[in-house]
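Step one of this worksheet: look at the structure below.
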Amino acid sequence: GVFDLFDAAVGVALRVEPAARSAPLLEAEMPWEADDSVSPLFIWKTDDGFHMLYESESGTCYATSDDAYRWQRPELGEVDFDGSTANNILKDGIVGSTGVFIDPHAPSQERFKAMGGDMAWYDPATCEALDAGEARKRYDAQEYEGASYDGPRAEVWGRMLGWTSPDGLRWEPLPEALGNRPVNGGISAGYDKATERYFCYQQIMGYPTEVLNGIGTASMEEESQRRTIAFSYTKDFRSWPAPKLIMAPDAHDDLDIDFYGGNYFPYPGRTDLHAMIVPVFHRGAGHVDLQIAFSRDGLFWTRPDRRAILAVGAPGSGEDCQLHPWRSGLVELPDGNWAVAYNGLSMLHNAREKFPGYLFPHRRKPQIRYALWRPHRLFGIEADREGRLTIPTIYRQADRLRLNYRCATGGWIAVELLPKTPNRLQPDPAPVAGFTFAECDRLMGDESDRVVTWNGNSDISSIGESISVRVRMFQAKLFAYNV
């Protein structure tokens with residue numbers, strides 16, 4: 001026998017599902033937010049509603065909402081700004097942090113945790129701090145002249161910082177650094193119950209790894225000339241080893257891109273599947289958009305589709321140049337949507353502040369929005385015309401097969417079941433009687449949890465513990481299945 005054409009993927013492709021955009025949740029419109037960026041840090045829910053921390057020009061700010069879409073700035077009365085305390089600035093904030101999470105393992109007074117970085121330019125010969133102008137002058141000369149440069153040098157030194165809080169509003173900085181090495185933001189962190197340790201994803205800043213050493217003499221962490229993503233873990237939140245590189249631009253990427261850290265989250269309802277929203281800086285064009293990556297173990301990551309899952313917006317939208325996601329995971333909203341908060345900017349990342357007036361005539365104030373997806377629709381298998389594929393052998397956990405899919409007008413999906421995936425010992429197994437393409441009631445429209453039926457019958461309990469699923473599609477996209 002031979003493999004049937006249905007058992008090879010034909011006419012289908014793995015594709016991201018571009019996110020929808022929410023209306024702005026907040027815009028930098030208050031005097032203490034100025035014209036600088038407002039960046040989302042963390043959202044959590046209590047019996048009183050939803051709470052948000054975000055960073056502004058004047059520090060860490062706090063907002064509240066009943067529905068997670070319409071946000072208010074409560075007057076906290078904690079910080080004086082321009083002669084008034086009528087603002088939402090936290091007195092004890094987390095300026096410089098990006099990775100905020102709730103620690104289920106910690107005592108109540110340290111239930112909330114945050115991680116960030118503190119970096120500055122120094123003269124390595126004198127250990128004196130350099131102001132921005134002098135540092136830029138030296139750095140530009142070093143880059144331009146290369147090995148022939150023999151003038152005074154500038155180097156970045158820094159530390160990884162930590163904070164704890166009982167309620168997300170009163171933060172206490174930890175007295176000692178979590179690690180004595182530069183940290184260029186972009187930290188996405190959490191606590192893993194399965195391994196009982198803390199973990200974080202962050203940008204690499206030129207230090208050799210202290211975890212997951214490989215073989216040979218290469219040191220990717222020190223040699224990388226582009227921004228990449230690294231991973232570290234620890235049992236002790238107050239002490240972190242230098243991270244190991246786990247994701248970098250590769251031969252399938254454009255030559256001019258960098259990864260500005262990543263927003264990690266466990267796939268909802270799973271402990272064996274992980275996802276990451278990756279901000280991609282395109283050096284040539286100067287803009288930043290978002291891709292998505294997946295992993296089974298949090299170490300080995302793939303990006304099956306390199307197109308943006310969220311592209312920059314139209315001119316005048318306020319997010320037409322840069323999109324920067326927070327580093328605090330995925331939010332499951334009351335309306336059922338999955339959301340990742342991000343801030344949008346209307347100035348290119350590599351543009352100097354003195355230029356925006358005439359280069360960016362449609363520039364708007366920075367804003368915070370959601371990237372939105374319907375549940376389980378981050379990615380899918382799509383057929384522009386007719387396509388076919390076989391889902392390999394599955395150990396059945398239910399008595400019905402459910403699909404999450406979308407069909408274009410006139411599109412459809414049909415399914416038949418096999419007792420097992422065809423292989424070299426049994427290359428042409430017959431489909432299960434009563435569950436063939438000919439008997440399948442075609443699926444059409446847009447459904448998130450549709451039960452598949454064959455001549456009206458949905459009960460597949462008689463088939464056995466394992467099945468394979470053959471799928472035919474026409475102008476349709478299949479996001480997920482449950483069986």
Side-chain angles (χ1 to χ4, degrees), residues 19-27 38-56 60-76 78 88-90 92-94 97-116 163-172 187-193 198-200 237 263-271 273-277 324-343 367-378 448:
R21 290 173 159 86
S22 73
L25 311 179
L26 292 172
E27 200 160 357
V38 286
S39 301
L41 292 173
F42 191 56
I43 291 175
W44 71 102
K45 187 178 185 300
T46 67
D47 293 340
D48 298 327
F50 291 88
H51 310 262
M52 180 198 294
L53 297 179
Y54 69 96
E55 188 173 343
S56 77
T60 308
C61 296
Y62 171 63
T64 60
S65 174
D66 293 328
D67 61 4
Y69 284 98
R70 293 168 294 181
W71 292 87
Q72 296 80 39
R73 299 170 172 88
E75 293 185 0
L76 301 179
E78 295 183 0
N88 63 331
I89 306 171
L90 293 180
D92 300 313
I94 46 175
S97 73
T98 59
V100 183
F101 64 98
I102 293 176
D103 181 359
H105 174 70
S108 59
Q109 66 270 23
E110 295 189 359
R111 180 168 172 257
F112 289 76
K113 285 186 167 62
M115 299 172 65
W163 296 260
T164 62
S165 170
D167 56 8
L169 301 178
R170 295 168 293 152
W171 290 89
E172 183 74 25
I187 295 175
S188 188
Y191 179 80
D192 180 41
K193 294 180 180 179
Y198 299 96
F199 64 89
C200 79
F237 179 74
N263 173 44
Y264 163 83
F265 54 93
Y267 194 90
R270 300 280 294 271
T271 58
L273 184 59
H274 312 268
M276 187 182 297
I277 301 294
H324 291 279
W326 68 356
R327 304 304 193 274
S328 298
L330 185 80
V331 180
E332 297 184 60
L333 298 175
D335 62 5
N337 281 322
W338 289 1
V340 168
Y342 69 94
N343 73 308
Q367 53 192 238
I368 297 174
R369 295 180 185 244
Y370 288 135
L372 297 168
W373 299 269
R374 288 170 60 178
H376 304 288
R377 290 196 174 189
L378 300 172
S448 296

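The side chain to side chain donor-acceptor pair (under 3.5 Å) check on Gln109 picks up nothing, with sequence neighbours excluded. Every salt bridge (charged side-chain N to carboxylate O under 4.0 Å, His left out) that Glu27 has, sequence neighbours left out, goes to Arg364. When the salt bridge (charged side-chain N to carboxylate O under 4.0 Å, His left out) test is applied to Arg111, no partner is found at least two apart in sequence or on another chain. Under the rule for a salt bridge (charged side-chain N to carboxylate O under 4.0 Å, His left out), the partners of Asp67 that lie at least two apart in sequence or sit in another chain are Arg70. The side-chain contact (heavy atoms from CB on, under 4.5 Å) check on Ala371 picks up Ala19, Leu310, Tyr342, Trp373, with sequence neighbours excluded. Here Glu78 pairs with nothing under the side chain to side chain donor-acceptor pair (under 3.5 Å) rule; sequence neighbours left out. Under the rule for a ring-ring contact (aromatic ring centres under 6.0 Å, His included), the partners of Tyr264 that lie at least two apart in sequence or sit in another chain are Phe199, Tyr201, His274. Residues that satisfy the side-chain contact (heavy atoms from CB on, under 4.5 Å) test with Asp167, not counting sequence neighbours, are Ser165, Leu169, Arg170. Here Asp92 pairs with nothing under the salt bridge (charged side-chain N to carboxylate O under 4.0 Å, His left out) rule; sequence neighbours left out. With sequence neighbours left out, Thr46 forms a side-chain contact (heavy atoms from CB on, under 4.5 Å) with Trp44, Asp48, His51. A search for side chain to side chain donor-acceptor pair (under 3.5 Å) contacts involving Thr164 returns nothing, not counting sequence neighbours. The side-chain contact (heavy atoms from CB on, under 4.5 Å) check on Leu273 picks up Tyr267, Arg270, Arg296, with sequence neighbours excluded.
Closest approach of Val100 to Ser328, counting heavy atoms only: O-OG, 3.4 Å. Considering all non-hydrogen atoms of both residues, Ile368 and Ser39 come closest at CD1-C, 4.1 Å. Taking each heavy atom of Ile43 and Trp326 in turn, the nearest pair found is N-CZ3, 3.3 Å. Counting all heavy atoms, side chain and backbone alike, Leu26 lies closest to Met52 at CD1-SD, 3.9 Å. When all heavy atoms of Leu90 and Leu53 are compared, the pair lying nearest together is CD1-CD2, 3.8 Å. In plain terms, the two heavy atoms of Ser22 and Tyr370 that are nearest each other are OG-N, 2.8 Å.
In this structure a side-chain-to-backbone donor-acceptor pair under 3.5 Å is present from Ser188 to Arg327. Under a 3.5 Å cut-off, the side chain of Asn88 and the backbone N or O of Tyr62 do form a donor-acceptor pair. A donor-acceptor distance shorter than 3.5 angstrom exists from the side chain of Asn263 to the backbone of Gly329, with no hydrogens or angles considered.
Atom CH2 in Trp338 sits 12.0 Å away from atom CZ in Arg374 (nearest 0.5 Å). With rounding to the nearest 0.5 angstrom, the CD atom of Gln72 is 6.0 Å from the OG atom of Ser65. In this structure, CD in Glu172 is found 9.5 Å from CD in Glu110, a value given to the nearest 0.5 Å. With rounding to the nearest 0.5 angstrom, the OG atom of Ser448 is 9.0 Å from the NE2 atom of His376.
The shortest distance between side-chain heavy atoms of Tyr69 and Asn337 falls below 4.5 Å. Looking at Phe50 and Pro334, their side chains come closer than 4.5 Å, going by heavy atoms from C-beta outward.
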Problem set entry | Step-by-step ring pair (Phe, Tyr, Trp, His ring centres under 6.0 Å) determination, Tyr191 to Phe237 | CA-CA 9 Å; Tyr191 179 80; Phe237 179 74; over 10 Å; no
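Side chains of Asn343 and Tyr54: a donor-acceptor N/O pair is absent below 3.5 angstrom, by distance only.
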